[in-house]
Each structure stands twice: as structure tokens, then as C-alpha cells.
Amino acid sequence: MKLETLAQVNVERAARRPVIVVTDTANGEQRLVKAADIAADPLRADLAKQLRMGKSGMIEAGGKKLFLNVYAPTARLVIIGAVHISQALAPLARALDYDVTVVDPRTAFASPERFPDVPLIAEWPDVALPPLNVDHYTAFVALTHDPKIDDPALLHAFQRECFYIGALGSRKTHARRGERLKAQGARDADIARIHAPIGLPIGAVSPSEIAVAIMAEITAQLRLPKESAA
């Protein structure tokens, strides 16, 4: 890779913006495609597919063999609430290579004994969340059932481009949540971004099963084409 191309790749990676380097295997010619430019690129379908999968790969286009080298940020999971579901969800997400952070101001819940080897922030969302730089490669879940904690956290998530936002609770609970959030300035479009009830409908009952349902829904949102993940 040319130094100029490498420098551009490093700039995009430092900003947690995905980028793909397209290499013609016959002559070594390379070009860099930023995520914002994929939609207008002649290879947009192949580029979008490889980026969704987060994997590099070989394709054939226009009679050429091209290698697509994908540089995608590590996905993050921000969990609001150091609850039983979170205890099952955090290690599951880490096994899937997510960077996981648990936020809960209740120090009795957010303890290293309950969450070994998981970064914990025992602060209220308005203090804990801004330094995390929540972005498009972040999945955001609110699990406390406490409006004083979940609601400001969700309002923060609305301001970012999280690829997934989910919240625990029944449809009735979610309807009340939606009214509270709109009273605090949230738009209908913001409320519509929340996956609630959270997780795929697999009949989950235990905290571990609910964690599986949540990670399955997050994975679908990250990996499937948007029309399939909706």
C-alpha cells in the first residue's frame, strides 16, 4: 500500500470511519473508498456487502479481479444498567468482539464482582456518556427500567448515529416511555429508532435467553441489509 493511501486509511480509522481499499490484483493499482462515498461508487453493491460483513474479500467486476480490503471500526456495546440481563449480555457481546461498557450510577449494581473484566462507569448518564463518543458503530441498550437513568441515556443516544438502540419493557411500558421522551424534546422519528420490546421474539424468559435475543437483534441490524433487518 502506498504511503499516501496508508495515511488516508489511518486518518479514517482514527476517526472511527470505515474505509475500503480496492486493489486490482493484475496490476496492483489501488484506490480508497470512504464510507460516505460508497453509495455513488460503481462497486457500491459489493462494497456495501463487504462492509456490512466487516470482512475483506475478492470480487470480479468488469473483467477484473479486485481485492476489497475492509477497515471497519470495532463495534461497541453501551449497556445502561448493571442488571442481571447485563451480566449475561456483557460476556456474550465480548465473545462476539464488541467493546463493552456498562453504565449505572448505582454502585451496588455496578461492581467489579458482578462484572469482571468489563469497563464500568458508576455515574449518571449525563456524566458517563459524553466521554464515550457514542457513534454509528455503537449499539446502545437501556435496561434499568428506571426512567431517571434510561430516559436521559436514550436522549443522548438519539443525538448520535447508533446503528442500534434498544430498551427493555413491554409495549405499554414503551408507550409511556415514548410520551416521557417526547415531553423532553424527542421526535417521533427518534422514538421509532428504539427496538422495544428489546430483542428478537424467540420466547426468551431467563436473563441469559434475553441476552441472546438482544445480541441476535443487534447482529441482524449490523449485518443484514437495512430492508431485511427492519
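Here the structure is a predicted model, which is why all the values come from computation and not from measurement.
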Q: Could R187 and D190 be called an ion pair, given the rule that one side-chain N must be under 4.0 Å from one carboxylate O?
A: yes
Q: Contact between V22 and L43 at the side-chain level, heavy atoms closer than 4.5 Å - yes or no?
A: yes
Q: To the nearest 0.5 angstrom, please state how far the CD1 atom of I165 sits from the CZ atom of R193.
A: 4.0 Å
Q: Can we say D41 and R31 salt-bridge, meaning some charged N sits less than 4.0 Å from an Asp/Glu carboxylate O?
A: yes
Q: In sequence, state the C-alpha distance, the side-chain angles, and the governing distance for V141 and V78, and then conclude on side chain to side chain contact (heavy atoms under 4.5 Å, CB included).
A: CA-CA 6 Å; V141 299; V78 175; over 6 Å; no
Q: Between the main-chain N or O of A108 and the side-chain N or O of R114, is there a donor-acceptor pair closer than 3.5 Å?
A: no
Q: Transitively linked via ILVMFWY side-chain contacts under 4.5 Å: I198 with L89?
A: yes
Q: Side-chain heavy atoms nearer than 4.5 Å, only ILVMFWY residues, links allowed to pass through others: does that put Y98 and V134 together?
A: no
Q: How close do V103 and A128 get, heavy atom to heavy atom, and via which atoms?
A: CG1-CB, 3.6 Å
Q: What distance do F115 atom CZ and I79 atom CD1 have between them, rounded to the nearest 0.5 Å?
A: 7.0 Å
Q: Taking a hydrophobic cluster as the set of Ile, Leu, Val, Met, Phe, Trp and Tyr residues connected by side-chain heavy atoms closer than 4.5 Å, whether directly or through intermediates, do I218 and V102 fall within one such cluster?
A: yes
Q: So, H136 side chain and E161 main chain: donor-acceptor pair closer than 3.5 Å or not?
A: yes
Q: Which heavy atom of A93 sits nearest a heavy atom of M215, and at what distance?
A: CB-SD, 3.9 Å
Q: If you take all heavy atoms of A186 and F158, which pair is closest and at what distance?
A: CB-CE1, 3.8 Å
Q: Return all side-chain donor-acceptor pairs below 3.5 angstrom for residues 50-63, not counting sequence neighbours, or 'none' if the list is empty.
A:
| from | atom 1 | to | atom 2 | distance (Å) |
| --- | --- | --- | --- | --- |
| Q50 | NE2 | K55 | O | 2.8 |
| R52 | NE | R223 | O | 3.2 |
| S56 | OG | N69 | OD1 | 3.2 |
| S56 | OG | V70 | N | 2.9 |

Q: Determine the interplanar angle of the Y164 and H195 rings, folded into 0 to 90°, and report it as parallel if under 30°, tilted if 30 to 60°, perpendicular if over 60°.
A: parallel
Q: Between the side chains of R177 and H174, does any donor sit under 3.5 Å from an acceptor?
A: yes
Q: I'd like to know whether L66 forms a side chain to side chain contact (heavy atoms under 4.5 Å, CB included) with T23, so could you lay out the CA-CA distance, the side-chain angles of the two residues, the decisive distance to 0.1 Å, and finally the verdict.
A: CA-CA 5 Å; L66 305 173; T23 303; over 6 Å; no
Q: To the closest 0.5 Å, what do you measure between CG (L32) and CG (L6)?
A: 10.5 Å
Q: Out of curiosity, does L143 fall in the hydrophobic cluster containing L92 (side-chain heavy atoms, cut-off under 4.5 Å, transitive links)?
A: yes
Q: What distance separates W124 CH2 from R106 CZ, expressed to the nearest 0.5 Å?
A: 8.5 Å
Q: Regarding T5 and Q30, is there a side-chain donor-to-acceptor distance under 3.5 Å anywhere?
A: no
Q: Of all heavy-atom pairs between V19 and V33, which one has the smallest distance, and what is that distance?
A: CG2-O, 3.4 Å
Q: Using a 4.5 Å cut-off on heavy atoms from C-beta on, say whether the side chain of L155 contacts that of Q184.
A: yes
Q: I'd like to check L129 versus F140 (side-chain heavy atoms, cut-off strictly below 4.5 Å). Are they in contact?
A: yes
Q: Report whether V212 and V83 are members of the same hydrophobic cluster (ILVMFWY, side-chain heavy atoms less than 4.5 Å apart, transitive linking).
A: yes
Q: Measure the shortest side-chain to side-chain distance between P207 and Q87 over non-hydrogen atoms and say whether it is less than 4.5 angstrom.
A: no
Q: Quick one: does any side-chain atom of T144 pair with a main-chain N or O of I149 as donor and acceptor, under 3.5 Å?
A: no
Q: With a 4.5 Å cut-off on side-chain heavy atoms, are P73 and P18 touching?
A: yes
Q: Is a side-chain donor or acceptor of D104 paired with a backbone partner of A122 at a separation under 3.5 angstrom?
A: no
Q: About how many Å separate CZ of F67 and CD1 of I20, when rounded to the nearest 0.5 Å?
A: 11.0 Å
Q: For E179, enumerate each residue passing the salt bridge (Lys or Arg N to Asp or Glu O under 4.0 Å) test, keeping only those at least two apart in sequence or located in another chain.
A: K182
Q: Looking at P130 and V127, what are the two nearest heavy atoms and their distance?
A: CD-O, 3.8 Å
Q: With salt bridge (charged side-chain N to carboxylate O under 4.0 Å, His left out) as the test, pick out the partner of D135 among R16, R160, R17.
A: R16
Q: Could I get the full list of side-chain contact (heavy atoms from CB on, under 4.5 Å) partners for I210, not counting sequence neighbours?
A: I85, A204, I214
Q: Using the test side-chain contact (heavy atoms from CB on, under 4.5 Å), find all partners of L200 that sit at least two apart in sequence or belong to another chain.
A: I202, A216, E217
Q: Please enumerate all residues that pass side-chain contact (heavy atoms from CB on, under 4.5 Å) together with P147, with sequence neighbours excluded.
A: D151, R180
Q: For R94, enumerate each residue passing the side-chain contact (heavy atoms from CB on, under 4.5 Å) test, keeping only those at least two apart in sequence or located in another chain.
A: V100, D117, V118
Q: Working note: L181 + I194, criterion side chain to side chain contact (heavy atoms under 4.5 Å, CB included); need CA distance, chi angles, decisive distance, verdict.
A: CA-CA 11 Å; L181 292 172; I194 303 175; 4.0 Å; yes
Q: Please report the interatomic distance CG(L168) to OG(S86), rounded to the nearest 0.5 Å.
A: 9.0 Å
Q: Report the C-alpha distance between T138 and N133 in whole Å, list the side-chain angles of each, state the deciding distance to 0.1 Å, and finish with yes or no for side chain to side chain contact (heavy atoms under 4.5 Å, CB included).
A: CA-CA 9 Å; T138 304; N133 295 318; over 6 Å; no
